[in-house]
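Just below is one structure, and these are the notes that go with it.
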Amino acid sequence: MDAKTLKTYRLATRRGRAALGAALTVLALFLGAASASAAVLPAPATAPQAAPASAPAAATDAKGKTFAIATDTTFAPFEFRNGSGDLVGIDMDLLRAIAANQGFTVDIKSLGFDAALQALQSNQVQGVIAGMSITDKRKLIFDFSDPYFDSGVQMAVAKNDDTVKDYAALKGKTVSVKRGSEGETFANSIKDKYGFTVKSLADSATMYDDVKAGNSVAVFDDYPVLAYGVSQNNGLKIVTPKERGSSYGFAVNKGQDADLLAAFDAGLANLKANGEYQKILDKYLAAPETVKQTGFVDLLVNSFPALMKGLGMTLLATALSLVIALVLGVLFGFFKVGENKILRVIASIYVEIFRGTPLLVQAFFFYFGLPQLTGQPLNVLTAGVITLSLNAGAYMTEIVRGGIQSVDPGQLEASRSLGLGYVTSMRRVVVPQAIKIMTPSFINQFVITLKDTSLLAVIGFAELTYQGQQIYASNFRTGETLIIVAALYFIVIFILTQFSNALDRKFNK
C-alpha cells in the first residue's frame, strides 16, 4: 500500500469512526436513559417484632470493601434529612449497622427513587435501599436480600376534612399516590370498584401538599410513612385501617455483587439476633421525635446552612458550564458563518440535537445512559456540567452566529477592499461590533443556565433546589421552604445581572 493510499485509508477510518460515534450519540439521546419503574414501601406504625434468628451469621467476602448505595431523598421515616442535614431513617440506620457488623463501608447517594434504580442499572452504584417492595416483576431485574420490613397501605385525608371516611366516599374524586409505590398499586386495584381517579406524583411530600391544596381528596401511602408524617404535623389524618402490603428488600443488579447481598443478609440476621434491629424500628416508629412548630425566622435560620451549601454547588456548576459553553458557542458559531460546508453541517447538527431535546432527557442520558454505553461511570457534578455546557453551548452558538450576521456585510467588504485578510477583518472590524450586539443575549443565557441547574436535582446533584426538597420532605413546610429558595435565586440572579449590565455599559458604550 503506497503512502497516498495509506493516508486516504487512515482519513476514511477516522471519519467512519467519528460518524459512527455521532450516530450512536444521536440514537442514545432520542432513546433516553432506560427508566425503571419501582415501588417504595414503608414500615409499620407500631414497630413489628423481629423474627427469631439463629446463631449470628459470619462475615462474608464484602469485608474491607466500599460500596456505593443509592437511596430515595424523601421517604421518612426510612430516609430523610434531620435538623442537622444528616441522612437518617430506618433504611439508613439499618444499612450502616449492617455495614459495621460485616466490616464493609458504604457511600450513600441520595438520588430519589426512580433515579436510584436507574443508577443501579447503569452500574453507578452497587445497591439500592429505599423501602423497595419485593415483587416478581422486579425479581426479573434485581436480586433481593431477605425481607427487612413488612409493609401495608392506608388512606389519609386533610386534617379538617370530615366528608371522606372510607373508600365509598371517593366516588368521582381524585386521590394522590407516590409513583411506583405499594400505595399506587393498591389504589389502582380498587379504583374501578369505588369510581375514583388516581394521580401519581413523585414523592410523599408532594402528594400530601396536593391534598392540602384541595387538588386531591386523599392519599394512599405506606402506613409507617403516613403515621410518621402525621406525627410530624403534615396536615393529614388517617381514616382507614391498614391493608396488607408486600415486604421491603435491599436490591442489587441480577447476577452481580453477590458478596454485598450475602453480607446484607448476614448482617440483618445478626442485628435481629442481638436486638439492634428492633431498636432501630422503635426509634422511628414506636416513639418518633416530633418536630416542634417554629416560626418562619427559625425555619430560615435552621435551613440556611444547607441552602448555602446548595447555592454554592449551583454557582459552581453554573460557572464551569458557562466557561465551557462560551468556548463551544464561539467555536461552533464561527463554524456556522464560515465558508467550510462540512464545519457548518457539524455545527448545525450539534445545535439541532441540544436545542431539540429537553434538558432533563440530556441530564438522564449523561448520568445514566452514557455509562451504560461506555462502561465508565460519571460523578453527578461531571454529568451535570456536561449537560449544562452542551445545552447552553448550543444556544450560545446561535447567539454568536446571529451577532456576526447582524453586522452590516458592507463592513467586511470595506475592510477586505482595504487589503485586510478575512481573519484580520473579522477580528478587528466585525467581531468587536458583534460583541456589542451579543452581550445582552449572553447575559440572558447566563441567567437561564443558572436557573437550569435546578433540573439537576433529579439526578441527585445537591444544588439549591435539591437542598430545599430535602428540607421540606422532613418538616412538611413546603410553601415556606420554596419561598426561601425562590428568594435566594432571585437575589443571586438580580445581583449578577446588575453586575453584568454594569460591565456591558463600561466596555460596550
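Throughout, residue positions are numbered sequentially from 1 according to the sequence presented.
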Grab the two heavy atoms, one from Phe144 and one from Ile134, that are nearest each other, plus how far apart they are. CD2-CG1, 3.7 Å

Tell me if a side-chain donor or acceptor on Asn253 pairs with a main-chain N or O of Leu120 at a distance below 3.5 Å. yes

Judged by atom type as modelled, is there a donor-acceptor pair below 3.5 Å linking the side chain of Gln124 to the main-chain atoms of Phe368? no

Side-chain donor-acceptor contact under 3.5 Å, Thr357 with Gln362: yes

Return yes if some donor-acceptor pair links the side-chain N/O of Asp72 with the main-chain N/O of Phe113 below 3.5 Å, else return no. yes

Shortest non-hydrogen contact from Val217 to Asp161? O-OD2, 4.1 Å

Are Tyr367 and Leu111 packed together at the side-chain level, in the sense that at least one heavy-atom pair is separated by less than 4.5 angstrom? yes

Is the backbone N or O of Leu300 less than 3.5 Å from a side-chain atom of Ser303, with the two atoms forming a donor-acceptor pair by type? no

Would you please name every residue forming a side-chain hydrogen bond (donor to acceptor under 3.5 Å, both in side chains) with Gln445, sequence neighbours left out? Thr449

Is a side-chain N or O of Asn188 found less than 3.5 angstrom from the main chain of Glu184, in a donor-acceptor match? yes

Which pair of non-hydrogen atoms, one from Gly89 and one from Tyr284, has the smallest distance, and what is that distance? N-OH, 3.2 Å

Quick check against the 3.5 Å criterion: does Gln154 have a side-chain atom that pairs as donor or acceptor with the backbone of Thr240? yes

I'd like to know if the side chain of Asn270 reaches the main chain of Ala273, judged simply by a donor and an acceptor atom lying under 3.5 Å from each other, with no hydrogens or angles considered. no

Could you tell me whether the side chain of Gln126 and the main chain of Ala68 form a donor-acceptor pair under 3.5 Å? yes

Taking the side chain from Ser321 and the backbone from Thr318, do they hold a donor-acceptor pair closer than 3.5 Å? no

All pairs passing salt bridge (charged side-chain N to carboxylate O under 4.0 Å, His left out) where residues 93-109 contributes a residue, at least two apart: Asp93-Lys283, Asp107-Lys109

Going by side-chain hydrogen bond (donor to acceptor under 3.5 Å, both in side chains), name the residues that satisfy it together with Thr71, two or more places apart in sequence or in a different chain. Glu79

Contact check, side chains of Leu94 and Leu271, non-hydrogen atoms, under 4.5 Å: yes

Among all residues two or more places apart in sequence or in another chain, which pass the ring pair (Phe, Tyr, Trp, His ring centres under 6.0 Å) test with Phe250? Phe264

Contacts of Asp146 meeting side-chain hydrogen bond (donor to acceptor under 3.5 Å, both in side chains) (sequence neighbours excluded), chain-then-number -> none

I'd like to know if Asp221 pairs up with Lys178 as an ion pair, taking the criterion as any Lys NZ or Arg NE/NH1/NH2 lying under 4.0 Å from an Asp or Glu carboxylate oxygen. no

Strictly by modelled atom types, are Thr66 and Thr105 linked by a side-chain donor-acceptor pair under 3.5 Å? yes

Tell me, please, which residues at least two apart from Tyr395 pass side-chain hydrogen bond (donor to acceptor under 3.5 Å, both in side chains). none

Is it true that the side chains of Asp114 and Gln118 contain a donor and an acceptor less than 3.5 Å apart? no

Would Thr465 and Tyr489 count as having a side-chain donor-acceptor pair, cut-off 3.5 Å? yes

